[in-house]
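The figures that follow rest on heavy atoms only: side chains count, while hydrogens, waters and symmetry mates do not. Sequence lines set the chain letters: A, B, ... in the order given, protein chains first and strands last, and positions in each chain run from 1.
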There are 2 protein chains.
Amino acid sequence: MTNKKDSEAAFLAAYDPSQWPGVSLAVDVVVLGVVSGKLCVSLVKRTEMPQEGFFALPGGFVRGAESLEEAVARVMAEKAGAENVYAEQMYTFADAGRDPRTRVVSVAYLALLRGGLESPDVVLGQVKATWAGEEGGGVSVEVGGAAVELAFDHADIVGLALKRLRGKLRYTPVAYELLGEEFTLRQLQEVHEAILGRPVDKNSFRRSSLASADLVPMGRLEEDVPWRPAELYTYAERE
Amino acid sequence: MTNKKDSEAAFLAAYDPSQWPGVSLAVDVVVLGVVSGKLCVSLVKRTEMPQEGFFALPGGFVRGAESLEEAVARVMAEKAGAENVYAEQMYTFADAGRDPRTRVVSVAYLALLRGGLESPDVVLGQVKATWAGEEGGGVSVEVGGAAVELAFDHADIVGLALKRLRGKLRYTPVAYELLGEEFTLRQLQEVHEAILGRPVDKNSFRRSSLASADLVPMGRLEEDVPWRPAELYTYAERE
DNA sequence: TTAATAGTGTCTCTGAGACACTATGTG
DNA sequence: CACATAGTGTCTCAGAGACACTATTAA
């Protein structure tokens, strides 16, 4: 091993943080919601030079002593006053060359919000996967019925979010984040169908949902529907 | 919405990267391997002040225009001359306060290496999960039969790697990364058992392995074993 | 021949898709 | 009553655990 001395020196050198040029830290948030049976993502229109005019994911730089989660919460609050949103880290993009001055490290988060997020700054785009199951890949997004192109690689990031969400749907109770405190099994099924992008058998869905035992019947029925009202359920282990 | 002007201003301000203090970018690598049926992780002994003397994950700062993957590859090469290693991003830790001078953003990677990684700088620690299935949580690590405490939150990061690996084992051909080009079904099963931490039924394992159709029989048998030799297989879609 | 492992046959259980059915609310 | 949806019964099939069995090789 002739490179032992070299690697030793490199190792020690690498542990001096001030030697390396600093980078900027940012978060981008994929906010997903189900609106009338459609999976939607929140988008902002870029008002500055790189990719100006394109739709992009909401995001921002991480401030001072803020944690990543705090930065995500702040971005959500600033853009639409949304508080206490489920958010989960997905992937970190750190390729050099995004910004000519400093390297920008961007941590992508997946957030789920009941009914989607919409505000003066934020529009909802409908997500259409070009792939089935959990293959993964980019997605196409429509705003007001017309296909739009997302800035940077944000279409791939939305695709990553959708892939992650489909995976989590199987073995974690994540769909409840997209519903209110009380919901019917049909509403829960609609959320699943919107995320999976395919119809789901009613009976199979009921069986597996009720068997998982984190659904609690409220003993009350939904109201103001022009057909037979269904039992209301809630999720047992919200914390 | 009285906060519209505020959020607008914050939005614009946030897009000036030079305004925010820079951070240092580092990678930590969980190198896992299976050595004689045991799941092992590569560790280095810290030689500098914070947590000096504790075992820690190998890692280092990202240099100049290096990508994260290049930094991981460099760390692997420096520590043990390992090239072309499977590596996958896991999670990014960015809590302030790790280093008093600058904020250190550390991106944790999972790497898989045949036979584990060992060198003058690196020791192998045996990983023992204190949890079953895919619950997740920290792990305990033994070096030379004695339990050791890992530096920082590295025990949790190893636990995260194990959880991720167990999950991927179900639906991706990741176990092949821990074997040579040619292997018997028993060797493949041993890798699975080491990762899952439990015995696996031989017949079920064979059936599902052969059904997945990315195993190709070589038409040759293993040699130099003091019992009936088994068919050698290789993985079909290495790229 | 014996020992040890390679490799197979088959029963069972479970979870999910398919689909027809009954029940019960609104109008 | 009609109608639309809530909710159920049941057949089937695929995948996996359990386990006993046969096959083949080294010594």
Whole angstrom value for the distance that separates [atom2] of [N] from [atom1] of [X]:
X	N	atom1	atom2	result
A:Q189	C:dG17	CD	P	11 Å
A:K202	D:dA4	NZ	P	14 Å
A:E223	C:dT26	CD	P	10 Å
A:L232	D:dA6	CG	C1'	13 Å
B:E222	D:dT24	CD	P	16 Å
A:H192	C:dA16	NE2	C1'	14 Å
A:F205	C:dG15	CZ	P	16 Å
A:D201	D:dT12	CG	P	17 Å

Check ion pair A:E88-A:K168 (N to O, under 4.0 angstrom)
yes

Going through the distances and angles, do B:L112 and B:V85 end up as a side chain to side chain contact (heavy atoms under 4.5 Å, CB included)?
CA-CA 7 Å; B:L112 300 178; B:V85 174; 5.8 Å; no

For A:L113 and A:L32, run side chain to side chain contact (heavy atoms under 4.5 Å, CB included): C-alpha distance rounded to whole Å, both residues' side-chain angles, the deciding distance at 0.1 Å, then the answer.
CA-CA 6 Å; A:L113 195 58; A:L32 295 179; over 6 Å; no

In Å, rounded to the nearest 0.5 Å, how long is the span from CG of B:L178 to CG of B:L165?
7.0 Å

Under the salt bridge (charged side-chain N to carboxylate O under 4.0 Å, His left out) rule, what pairs show up with a residue in residues 186-204 of chain B, not counting sequence neighbours?
B:R186-B:E190

Grab the N/O contacts between the protein and nucleotides 10-12 of chain C below 3.5 Å, and write none if there aren't any.
unit_1: C:dT10; atom_1: O4; unit_2: B:N203; atom_2: ND2; d: 3.4

Under 3.5 Å, which N/O atoms of the protein pair with N/O atoms of nucleotides 25-27 of chain D?
none

Nucleotide of D:dA6, C:dA6, D:dA18 approaching B:S204 most closely (side-chain heavy atoms):
D:dA18

Pair B:E69, B:Y109: side-chain N/O donor-acceptor within cut-off below 3.5 Å:
yes

Under 4.0 Å, counting only non-hydrogen atoms across every strand here, what does B:T184 touch: a base, just sugar-phosphate, or nothing?
nothing

Side chain to side chain donor-acceptor pair (under 3.5 Å): pairs with one or both residues in residues 133-149 of chain A, sequence neighbours excluded:
A:E134-A:R170

By salt bridge (charged side-chain N to carboxylate O under 4.0 Å, His left out), B:K38 pairs with (sequence neighbours left out) none

Only distances under 3.5 Å count here; give the side-chain donor-acceptor pairs of residues 213-226 of chain A to other protein atoms, sequence neighbours excluded, each with its distance to 0.1 Å.
unit_1: A:D214; atom_1: OD1; unit_2: A:Y176; atom_2: OH; d: 3.4
unit_1: A:D214; atom_1: OD1; unit_2: A:S212; atom_2: OG; d: 2.9
unit_1: A:R220; atom_1: NH2; unit_2: A:E182; atom_2: OE1; d: 3.1
unit_1: A:R220; atom_1: NH2; unit_2: A:E182; atom_2: OE2; d: 2.3
unit_1: A:E222; atom_1: OE2; unit_2: A:A230; atom_2: N; d: 3.0

